Amino acid sequence: MPFLLSHAFSVHRGIRRGASRLLGMAILVGALTSSQAVFATSFNVADGQRHQRWQSLTASLGGERHVRALENTSYSDTLLSINATAGHCATHWLELRSRLGERQSRSEVVNRVPVDILVDEQTAQTGTAVLSTQRGDDGLYVHVEDLDMPLLESRLSTGSTLHLRLRMTEKESDYWFLSFSLAGADEALSRLNRLCTQEAGDSSDSPSISP
């Protein structure tokens, strides 16, 4: 498994199994290809569309409405997503979800670590990754903060591969490294912006990338 979570937990003592309140990552991604529930907390998924290796969709639960552009084909247990909330379409965030193999008993942020995001051979962006889990959910969630999202998304739209490195400790050799295909990312991000504007019903909130 490329994303060896059990090893990362044992290496970094500060990590404990717990959870987060991250917005809306617990969606039925598998609903686009299967009727089997992938996540424990299921958002209602609609408007799903495939864009080569990426997908775009809407997700809602109660009063929460979000739109997603996501890639879940590079790894069988890990997905990458760009997300926006209806009514706040100019503010996007990047998140990862990876399966831990068992449902968690608590909701808790378990760690914050540096993360490097690199598209192809361009200059890397460095941000903060908030690692967390959710009660009743078998996923580890990695919410990335402090990124220049418009710059990153412009690179995603023209690049071929996104590389992500979580620096688990101060040691340069202690990190998780993942790579995601960007085939179809441009179409998925453009549709994310259109869907968010439609969901919000407010075209005055301009998206971070023009369709």
Side-chain angles (χ1 to χ4, degrees), residues 19-29 39 41 43-49 51 54-72 78-98 107 109 111-119 122-134 139-159 162-164 166 180 182 184-211:
S20 76
R21 301 180 182 87
L22 302 181
L23 291 175
M25 270 299 297
I27 56 175
L28 288 175
V29 175
F39 304 132
T41 305
F43 275 62
N44 297 313
V45 174
D47 303 316
Q49 185 171 313
H51 313 276
W54 282 65
Q55 301 171 23
S56 59
L57 53 83
T58 63
S60 61
L61 182 63
E64 292 186 34
R65 293 185 298 162
H66 309 286
V67 291
R68 315 262 186 239
L70 61 91
E71 201 274 83
N72 65 339
T78 303
L79 67 86
L80 168 78
S81 68
I82 306 295
N83 311 270
T85 300
H88 304 278
C89 297
T91 304
H92 295 183
W93 72 93
L94 183 150
E95 208 158 78
L96 292 166
R97 182 193 189 274
S98 189
S107 294
V109 172
N111 205 7
R112 295 174 183 267
V113 299
V115 60
D116 303 313
I117 306 289
L118 173 67
V119 176
Q122 301 186 57
T123 304
Q125 289 193 52
T126 297
T128 301
V130 181
L131 282 67
S132 55
T133 56
Q134 297 181 1
L140 175 71
Y141 296 90
V142 181
H143 181 88
V144 181
E145 301 176 343
D146 306 320
L147 293 178
D148 183 338
M149 288 301 294
L151 174 61
L152 176 61
E153 291 181 41
S154 69
R155 292 175 173 178
L156 297 182
S157 295
T158 58
L162 178 145
H163 306 288
L164 183 146
L166 291 173
F180 294 89
L182 295 178
D186 184 33
E187 294 88 346
L189 290 169
S190 293
R191 188 165 185 265
L192 175 149
N193 290 319
R194 294 194 298 271
L195 288 173
C196 193
T197 299
Q198 292 169 12
E199 286 289 310
D202 181 8
S203 59
S204 63
D205 186 2
S206 301
S208 57
I209 295 181
S210 298

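Since we're looking at a predicted model, the values are computed, not measured.
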For this session: Applying side-chain contact (heavy atoms from CB on, under 4.5 Å), name anything that partners Leu118, two or more places apart in sequence or on another chain.
Result: Ala124, His163

For this session: Apply the side-chain contact (heavy atoms from CB on, under 4.5 Å) test between Phe180 and each candidate in Leu80, Leu79, Asn72, Leu70; give the one that qualifies.
Result: Leu80

Seminar exercise, completed: Interatomic distance, CD@Gln125 vs CG@Leu164, rounded to 0.5 Å, equals 11.5 Å

Exercise. With distance as the sole test, does Ser154 use its side chain to make a donor-acceptor pair with the main-chain N or O of Leu151 at under 3.5 Å?
Worked result: yes

Problem set entry | Considering all heavy atoms, the nearest Cys89-Ala84 contact | O-CB, 4.4 Å

Seminar exercise, completed: Residues at least two apart in sequence or cross-chain that pass side-chain contact (heavy atoms from CB on, under 4.5 Å) with Ala185, listed by chain then number, are Trp54, Leu182

Seminar exercise, completed: Between the CG atom in Leu192 and the NE2 atom in His51, the distance rounded to the nearest 0.5 Å is 9.0 Å

For this session: Name all residues meeting the side-chain hydrogen bond (donor to acceptor under 3.5 Å, both in side chains) criterion together with Glu145; count only those two or more places apart in sequence or in a different chain, and write none if there are none.
Result: none

Exercise. Any side-chain heavy-atom pair from Met149 and Ile82 closer than 4.5 angstrom?
Worked result: yes

Exercise. Quick one: salt bridge (charged side-chain N to carboxylate O under 4.0 Å, His left out) partners of Arg155, sequence neighbours excluded?
Worked result: none

Exercise. What pair of heavy atoms forms the shortest contact from Ser98 to Thr78, and how long is it?
Worked result: OG-OG1, 2.8 Å

Exercise. OG1/Thr58 to CG/Leu195 distance, rounded to the nearest 0.5 angstrom?
Worked result: 6.5 Å

For this session: Check the side chains of His143 and Ser132 for a donor-acceptor pair under 3.5 angstrom, ignoring hydrogens and angles.
Result: no

For this session: Can you measure from CG (Leu57) to NE2 (His66) and round to the nearest 0.5 angstrom?
Result: 11.5 Å

For this session: Would you mind telling me which of Val119, Ile117, Leu94 makes a side-chain contact (heavy atoms from CB on, under 4.5 Å) with Leu156?
Result: Val119

Problem set entry | Asp146: side-chain contact (heavy atoms from CB on, under 4.5 Å) partners, not counting sequence neighbours | Thr128

Seminar exercise, completed: Here the pair of heavy atoms bringing Arg191 nearest to Gly48 is NH1-C, 4.4 Å

Exercise. Partners of Asp116 by salt bridge (charged side-chain N to carboxylate O under 4.0 Å, His left out), sequence neighbours excluded?
Worked result: Arg165, Arg167

Exercise. In Å and rounded to the nearest 0.5 Å, what is the CG to CD distance from Asp186 to Glu153?
Worked result: 11.0 Å

